[in-house]
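Okay, structure first, notes after.
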Amino acid sequence: MFADSGGYCQNPKCSNRLFVDTGTENVHVAEMAHIIAASDSGPRADAKVSAVDRGSYDNLILLCANCHTTIDKAAKDFPDVVVRDWKRKHVDRIASLFGAMEYADRVSARGAIEPALAENRAVFDQYGPNNDYRADPESELAKVWQRKMRAIILPNNRKVLTVLDANSRHLTGDERKTLEAFRQHIDDLEAKHIGEGTGDVASQFPAGMNTILSGA
């Protein structure tokens with residue numbers, strides 16, 4: 001769900017990030033909303049829909065707390081067809097938010113991802129697990145790292161991936177392999193930090209990402 005959202009509320013009129021860095025805390029504002037209500041008396045209820053289908057991925061959408069409350073309290077204004085349409089259109093909206101256009105050349109495409117990669121590198125260098133607190137996961141720096149992972153690195157990763165996918169025609173064969181390794185790295189990080197991940201199991205950031213799309 002988080003991967004599909006790109007870290008943003010899936011209401012097309014809302015651009016709220018689902019993880020908010022307040023400076024001292026990382027606030028998780030994402031809420032998993034049912035399109036067809038989970039119960040027969042809930043918002044957009046439909047008794048004809050089975051319990052299995054009500055709990056399926058297709059019947060769920062990721063929203064910020066405000067939008068979730070709004071669509072459930074004003075369900076008549078947000079019928080299931082409208083909410084499903086939000087989910088379908090969100091992929092295109094994320095591409096727009098991330099500036100994921102197809103560029104004319106490699107240099108321009110590299111320029112589109114460079115700021116996000118640089119920001120992630122700066123966060124990693126200053127707060128990442130290679131710093132002195134590695135042996136103390138309860139330290140304040142470790143908590144800052146977790147905040148910044150969710151609020152900055154994960155959304156930036158999705159932005160970079162979206163731009164690279166939109167400009168895959170500019171990639172060399174080796175760069176395509178790097179892209180797929182980056183895709184797996186993103187999946188591992190998201191599973192570890194916001195999903196079902198366990199321990200320190202996560203693939204490393206591919207070194208080739210530092211130079212992908214560089215040069216002619």
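A112 approaches Y103 most closely through the heavy-atom pair CB-OH, 3.4 Å. Pairing each heavy atom of A109 with each of V163, the nearest pair is O-CG1, 4.3 Å. Nearest heavy atom pair, residue P43 against residue A75, reads CB-CB, 3.9 Å. A pairwise comparison of heavy atoms in R84 and I36 identifies NH2-CG1, 3.5 Å as the closest pair. Closest approach of D80 and R44 over heavy atoms only: N-CD, 3.5 Å. The two atoms that bring M32 and H68 nearest to each other are O-CE1, 3.8 Å, heavy atoms only.
The hydrophobic cluster around F78 extends to I35, I61, L63, I71, V81, V82, V83, W86, counting ILVMFWY residues whose side-chain heavy atoms fall within less than 4.5 Å of a member.
E180 contributes atom CD, which lies 11.5 Å from atom NZ of K177 (distance to the nearest 0.5 angstrom). With rounding to the nearest 0.5 angstrom, the NZ atom of K143 is 15.5 Å from the NZ atom of K148. Taken to the nearest 0.5 Å, the NZ atom of K159 stands 15.0 Å off from the CG atom of L154. Between atom NE2 of residue H90 and atom CG of residue D85 there is a gap of 13.0 Å, rounded to the nearest 0.5 Å. Taking CG from N167 and CZ from R110, the interatomic distance works out to 12.5 Å, rounded to the nearest 0.5 Å. The CG atom of N120 lies 8.0 Å from the CE atom of M149; values are rounded to the nearest 0.5 Å.
The shortest distance between side-chain heavy atoms of N157 and E190 does not fall below 4.5 Å. Two residues are said to be in side-chain contact when any heavy atoms from C-beta on lie closer than 4.5 Å; I153 and Y127 fail this criterion. Looking at heavy atoms from C-beta onward, I212 lies in side-chain contact with I113 at the 4.5 angstrom threshold. Proximity of Q10 to S5: side-chain heavy atoms (C-beta onward) are separated by under 4.5 Å at one or more points. Between R106 and T172 the shortest side-chain heavy-atom distance falls below 4.5 Å.
H185 meets the ring-ring contact (aromatic ring centres under 6.0 Å, His included) test with F205; sequence neighbours excluded.
In this structure, T211 contributes its side chain and S214 its backbone to no donor-acceptor pair below 3.5 Å. At distances below 3.5 Å, at least one donor-acceptor pair connects side-chain atoms of E175 with backbone N or O atoms of L213. In this structure a side-chain-to-backbone donor-acceptor pair under 3.5 Å is present from R17 to A151.
Just one residue in the list D165, T178, L164 forms a side-chain contact (heavy atoms from CB on, under 4.5 Å) with R183, and that residue is D165.
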(request) Determine, stepwise, if the pair L62 / E31 fulfils side chain to side chain contact (heavy atoms under 4.5 Å, CB included). (result) CA-CA 6 Å; L62 207 60; E31 295 188 358; over 6 Å; no
(message) Let's go through C14 and C64 carefully: what are the C-alpha distance in whole Å and the side-chain angles of both, what is the deciding distance for side chain to side chain contact (heavy atoms under 4.5 Å, CB included) to 0.1 Å, and is it a yes or a no?
(response) CA-CA 9 Å; C14 176; C64 69; 3.9 Å; yes
(request) Mind running side chain to side chain contact (heavy atoms under 4.5 Å, CB included) on L179 and L161 for me, showing each step along the way? (result) CA-CA 8 Å; L179 171 59; L161 183 63; 3.6 Å; yes
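Using a 3.5 Å distance cut-off with no hydrogens or angles, the side chains of S108 and D105 do pair a donor with an acceptor. Using modelled atom types and a 3.5 Å distance limit, the side chains of N66 and N16 yield no donor-acceptor pair.
R54 and D40 are joined by a salt bridge, as a carboxylate oxygen and a charged side-chain nitrogen come within less than 4.0 angstrom of each other. Checked for salt-bridge contact, R121 and D125 meet the test: a charged N lies under 4.0 Å from a carboxylate O.
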